[in-house]
Structure formats: C-alpha cells, structure tokens
There are 2 protein chains.
Amino acid sequence: MSPALSSTSNGPIMAIGGAEDKIRDRWILQAFCQQAGGNSAVISVIPSASREPEAMGQVYKDIFIELGAKEIHVLLVTESHHGEDPQLLAQLAQSTGVFLSGGDQLRLCTLLAESSLMKQLRQQVWQGSTALAGTSAGAAVLGLDMIACGGSGEAPNSALVDLSTGFGFIPEVIVDQHFYNRNRLARLISAIAAHPDKLGIGVDEDTCALFDANGQIHVLGKGAVTIVDPADVKYINHVKIGSSEPLSISNLKLHVLSQGDCYNLQTRQVQPLNII
Amino acid sequence: MSPALSSTSNGPIMAIGGAEDKIRDRWILQAFCQQAGGNSAVISVIPSASREPEAMGQVYKDIFIELGAKEIHVLLVTESHHGEDPQLLAQLAQSTGVFLSGGDQLRLCTLLAESSLMKQLRQQVWQGSTALAGTSAGAAVLGLDMIACGGSGEAPNSALVDLSTGFGFIPEVIVDQHFYNRNRLARLISAIAAHPDKLGIGVDEDTCALFDANGQIHVLGKGAVTIVDPADVKYINHVKIGSSEPLSISNLKLHVLSQGDCYNLQTRQVQPLNII
C-alpha cells in the first residue's frame, strides 16, 4: 500500500521522547553533543515550545557547556518576527547542532513554521551540516503531519488525536513522545489510520530514535522506540473516520525496539534480524 | 513461526471485556441469552471471582430473568469443595448457558481450576451443548495462559505482566480485558512475547469477542477487540525476558476490530477483506 520511504533527511536527526536524563549520565544529550561535533560543537538551543523559554534555554545551555561544547547560543524566539532576525539567522548559520526543547508543539509551530529561521534550519539539516535534536514537543514537530494533542484510555478512533502540521524535517513519519509513559499507542494508531502513507514512531521518555544519514533509525536510552507500519494494511473502516467510534484496521505491523536496535527505513525491517 | 490455531472450542464462547451494559440495551447479555437458547435457556451464573458472590449472582440472575431465560441457577462456589457438590454438578449438567462474573481471576482459578465442576463445564462447552460467557476476570480465565495482573505506562517488558494458568477453554489465546480503557496493549504484547505460540485477544469494556463453532471471532459492542498476532515475528530479544528492561520484538501483527467485524482463527485474517 505504501511506497518505500524516501530519505529526505541527511540528518542526523534525534527524536527524543522527553524527560531525557539531564543530571546523571546524560547519555542522550551527550550523544547529541557528539553528533554536533563534540568539543568543536556550536549549538543553538531553540526553547520556543516552552512557556519559560529563557529559563529553559539556560538549562540546556548549562548542560551543553558541561558536556564540552565549544559555543552555545540560545535563539530566543518568543514572537513571530524574531524568526526573521538577522542576528539569530547568523547564529544559526554557524551552528553544527540545533536543539528544540520541550513544551507545547503548537506554540513552537505557530512561532516558527513559516519563518526564515525554520527554512534555513531545514536546509542546514538536509545538507547534513547541522545535527538536529528535538525532545518532547521538539520531537513531535519533526514530521510533516504532527500530533498536536490527544487522549488515552480508548480504542483507536479519529477523535482520539488532533493532527496538525509540523516542520517536516522527516516528512514520512509521525512522531509521538512520552510514549508508553502516557499510554499513547492507541493515539498513534489513530493518527496512522488517518495517514496510512506515513510511518508512526513512538518514543519513550529518556529514549531517542536517531535517524542517520543512511536512512536508519538507531535506538538509544532506557525505553522503547515503537514503529507502527501500515504498509501491509488491507482494511481500514473509513466510514468510522471522523467519529469517536472505534476504528477497524487490520494487518498493522508493529516493531518494539530498544537500546542498540536498528531499523532500516528503506527495507522497513529491523536489522540485523536475529531469527528466533 | 506459529502453526495455524486449532479450534478446540465448539463454543460459542463469549469473552466480554467487563463493564457490559446491564441497564439499557444490554446487547451483549441479550446475545448471550440468545446463544444459550433464548426463551428455553437454562443459565448457570458462577460468581466466584467476586468478593460478594451472592450479590453478584443475584444481579445477573435478575437480568437474565428480565431477558426471558427459562431458568437461572447461581452456582455459589465460595470454597473449593463446592466444586464437587453433586447438586451444583446436576444444575450445571442441565445448563445451556454458563456465565462467569467479574472480580479476581486468581480467586476464580484457585476455587475452581481442579474441580469436577470445571472439568464438566469444559466438556459441555467443547461438546457444543453449553454456551459460555465470561466478563472481565471471567474472560481472563478463558485461555490456558492467563494474565493474572499487570501494569501500564511502560514499554512492553517481562515485569509488566504476571502470568498464571487459566481454565483453558480456548488454549491457543491469551485474553485481556478492560483493554484500551485501562491501557493494556503493552501488557498484552509483553504476555505474547513470553508465549509467542499464542494469540493475544484484548477486549474493551462493553464489548465482546464471540468465538463461534467455526473458528471465527465476531465482534459485538461499543469498543474494540484487538488481536496481537506473533505469527510473523522474526526477532525477540530473549536476553531481556525476565527483566523490566524494554523488550525488543519485531514484525508483530495487530488487528483492531470493531462491531460487525469477523476474524478467522484458521487463516488469521479479518474477513471479508475490504481492500482499501
């Protein structure tokens, strides 16, 4: 039903499921620093999803200093026109890594979706010159179709999830976060039923799905990355789309992956396959 | 990996996900009465899972009287030796329908697992002379491997679910209930990862998976029946079994079915397949 996924992103792009360790081992934030160039890294933090962007920016700035990055900027976009600010655009141009904080994905998109800053960031990431990481709301925006909000405790149905438009760094996926922590598998299935040309990626807290330049997803961290693949779906009851009645959907493929696992976006398979 | 499922049960067997409507339309309880013979139905209620078995038995007795059943017995098994009581065995022998109430599946199993009553009931059901329904705990016991209890809010892992032994009416399945209502998909996946020769059946509240004599599952009610099929699984990280680390499992097949849908246990497919 679905074609093989393209690999628009040259990445690396890290979708972090929120609540990543900021105090102890900080494996995921360390991995991001490494991807951004280690001691040579010039990192821009975009804390616009947060209600307290200055404080949030400072949190990550302090961490990335401790982790040995060379230079850290906080790009404080709190009004739409900031996304056109030549100084921020110049700081972005120098950045080898960009970090999107958590908060509210709709706030982040409203502030930045159409901005020159976002266009430039997309170009830098697609050219492979900048590593991108987003946590929680910052991960939700990575796809083109975005889960704005939703519920749990119900069978998959159209009313369980509100969809909006994300930044489209990885257009072929829909990312959800705080995944099992907030019981979001039913809402991701609902989102994929509405967009069966996409691949659902659910990322747990303190866990990361790292999309590399070769079209592979690597799993880091203590939780799981869940992939909801509708490629073999033979049957969706479209009559029920738009209502809160439970959907019917058959032949959905699910992969639950953890630390060290690797998934190939082209073959849509986990590799290597250790046959049981 | 898994062979086609056998159809041990001549049924009908109704796995009800708990909280079935008892006041208004009562579609599911009506369907059970119908399966048990309508106006000719002789129904035995086994309320042993409940902490208040007498009151629970009376609730269902009153309903089945209102729904027009011919005769209703409450088989009050509150101590193990009651499962050998000749009077209860005689009442069971006359029954065209048996209803297992909700409560605690471990209490139900402890009281009845090895009893003559349960052996006789299994024989009657497998011969097709008695329709069986179980709700909530009464549904959990239908498989041979049984989910005794478990958690939610975590990625699938071995520690998320406690497994025990059920009554084995449908040995090839593991039934979970209150399914999306209590966010139990991760625990059912955990159970299936531990028993990849079984088929997971998750039933929502006020919803029923009706296993008919032809090896088909019919969905009734307002929620979903979710089927977790590991037949195509290529990879399970067995190292992680036994720990609370997230499991890795690839190529799990999922069907989310709702009212009117039908699943064939032999072909392991939804039918008819309305190709999208």
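Remember, predicted model here, so these are calculated numbers, not experimental data. First the proteins, then the strands, lettered A, B, ... as listed; each starts at 1.
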> Is it the backbone or the side chain of A/Ile227 that comes under 4.5 Å from a heavy atom of chain B, or both, or neither?
Replying inline: neither
> Hey, is the main chain of A/Ser152 close enough, under 3.5 Å, to the side chain of A/Arg187 for a donor-acceptor pair?
Replying inline: no
> Quick one: does B/Asp204's side chain have a donor or acceptor within less than 3.5 Å of a partner on B/Tyr180's backbone?
Replying inline: yes
>> To the closest 0.5 Å, what do you measure between CH2 (B/Trp27) and SG (B/Cys208)?
In response: 14.5 Å
>> Quick check for you: among A/Gly223, A/Pro156, A/Ala224, A/Ala186, which has the greatest number of heavy-atom pairs under 4.5 Å with chain B?
In response: A/Pro156
> Who among A/Lys222, A/Lys253, A/His178, A/Arg184 has the most heavy-atom pairs with chain B under 4.5 Å?
Replying inline: A/Lys253
>> Would you say A/Asp229 and A/His255 are linked by a side-chain donor-acceptor pair, where the criterion is simply a distance under 3.5 Å?
In response: no
>> Between B/Leu185 and chain A, with a heavy-atom cut-off of 4.5 Å, which part of the residue counts as in contact: side chain, backbone, both or neither?
In response: side chain
